[in-house]
2 protein chains.
Amino acid sequence: MKLTDARHQFISNWGAFGTHWGINRTMAQIHALLLISPDPLTQDDIMEELNISRGNTNMNIRELINWGLVDRVLIPGERKEYFSAEKDIWKVVTQIVKERKKRELEPMLQLLDRLEAVEGDKKDPQVKTFVETISSIKKLGKQADRTLDTMIKAEESWFVGALLKMFK
Amino acid sequence: MKLTDARHQFISNWGAFGTHWGINRTMAQIHALLLISPDPLTQDDIMEELNISRGNTNMNIRELINWGLVDRVLIPGERKEYFSAEKDIWKVVTQIVKERKKRELEPMLQLLDRLEAVEGDKKDPQVKTFVETISSIKKLGKQADRTLDTMIKAEESWFVGALLKMFK
DNA sequence: ATAAATTTTCAATGTTTTTTGAAACTTCGG
DNA sequence: CCGAAGTTTCAAAAAACATTGAAAATTTAT
């Protein structure tokens, strides 16, 4: 397979993959493009490569920066801004986990805390089932939260090593 | 908080949560409703409770059945079909992991295998960066694949215990 | 300070996804 | 076999989400 085809396939599949995980296609594609680009790119490079508008490009680059997956790079003597993606995949995963934990898991755990305190007779099957469901989700969620915290702090080598040992 | 409010809040938030993870709102809401219902429900119960149409209800129940999260329950002497969700949250997570692995991770790994075999001079920075990116994603993906396989086979108690030990 | 270059914003538009509801189909009791 | 009850399908409508592009804002060089 030729590089050009391979690059296109990667970008397009990475985009489709993103949509299954609640990430918009363009954002995932820009990320893919930057991941496989040896040097930083400008907004115009990205627009041209992916055939998308200036506005769209701009918004999604900013979103990637918010997620901590892309950095602005200043090239001395150049007026334009350049962008580059973190290439270390372990750091990428860590960063995504960190953000999703903060944006989704933590608010969900707060909600569950509130819901667990529902009024009512514990002998009522509706109340009983509700409380049991909420409690068990909360329990699992808290466990996940702790596990992810440790993972975020961990080094890749340590993590992979530990996993290999753990899951023989 | 009253049970009715708590139920509504849970259903609505669980639905919103789903949309951040590539799961459609209604599917997540039906799942939430069944999780907190002590007894199996009919299609009509669900339609009424969530204020959704018959077609929508039917499609999403079937999808939940495909995912292995909901079962048809036959009640002797009743003509209608009843539905109930698996209540053991560990089993729910295991089942979701299993399906997403099959539907998403495995096809992605196959793609990466093909892309890694790109033609071209490894000294060309474009080729070099492409191959390195693909390889490192593949490596992480394969690791995840193995880890998830083990997790799927594991018992909750074993898993939680192992994690606690692992992440002190 | 000016103006050219660049970036950002956002209302309008386009696209994709979800939902509806009525018709077609299936199942089952008599 | 018939008809009522129940389930499924799917084209059309609605809603949600993404994209465009041109105008406004900002930045920088002179």
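Each chain gets a letter, A, B and so on, in the order its sequence line appears, and its residues count up from 1. Model, not experiment: these values are computed from the prediction.
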Take the protein atom [atom1] of [X] and the nucleotide atom [atom2] of [N], then report the distance between them rounded to whole Å.
{"X": "A/E78", "N": "D/dT28", "atom1": "CD", "atom2": "P", "result": "14 Å"}
{"X": "B/I23", "N": "C/dT18", "atom1": "CD1", "atom2": "C1'", "result": "15 Å"}
{"X": "B/Q29", "N": "C/dT18", "atom1": "CD", "atom2": "C1'", "result": "12 Å"}
{"X": "B/M47", "N": "C/dA22", "atom1": "CE", "atom2": "C1'", "result": "13 Å"}
{"X": "A/D45", "N": "C/dT6", "atom1": "CG", "atom2": "P", "result": "12 Å"}
{"X": "B/N51", "N": "C/dT19", "atom1": "CG", "atom2": "C1'", "result": "13 Å"}
{"X": "B/I30", "N": "C/dT18", "atom1": "CD1", "atom2": "P", "result": "13 Å"}
{"X": "A/I61", "N": "C/dT9", "atom1": "CD1", "atom2": "C1'", "result": "15 Å"}

Atom CG of B/N13 and atom CE of A/M108: how far apart are they, to the nearest 0.5 Å?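 So the gap between those two atoms works out to 6.0 Å.
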Less than 4.0 angstrom between a side-chain N/O of [X] and OP1 or OP2 of [N], yes or no?
{"X": "B/N24", "N": "C/dT19", "answer": "yes"}
{"X": "B/N58", "N": "D/dT8", "answer": "yes"}
{"X": "B/T19", "N": "D/dA16", "answer": "no"}
{"X": "B/N56", "N": "C/dT18", "answer": "no"}
{"X": "B/T26", "N": "C/dT18", "answer": "no"}
{"X": "A/R72", "N": "C/dT7", "answer": "no"}

Which is more 5' along DNA chain C, the nucleotide nearest A/R25 or the one nearest A/R62? Just name the residue. A/R62
More than 12 heavy atoms of other residues, nucleotides or ligands under 6.0 Å from CD of A/E99: yes or no? yes
At under 4.0 Å between heavy atoms, what does A/E81 touch on the DNA or RNA strands: base, sugar-phosphate, or nothing?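 Answer is sugar-phosphate: A/E81 comes under 4.0 Å of backbone atoms only.
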Is the NZ or CZ atom of B/R103 both under 6.0 Å from the centre of the six-membered ring of B/W67 and within 45° of that ring's axis?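 B/R103 over B/W67 ring: yes.
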Does the structure place the NZ or CZ of A/R100 under 6.0 Å from the centre of the six-membered ring of B/W21, at an angle of no more than 45° from the ring's axis? yes
Charged N-O contact under 4.0 Å between B/K128 and B/D121: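 No, this pair does not count.
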Need to verify one output field. Residue with the more 5' nearest nucleotide on DNA chain D, A/N60 or B/R54? B/R54
N/O donor-acceptor pair, side chain A/R79 with base D/dT27, under 3.5 angstrom: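 Yes, a donor-acceptor pair under 3.5 Å.
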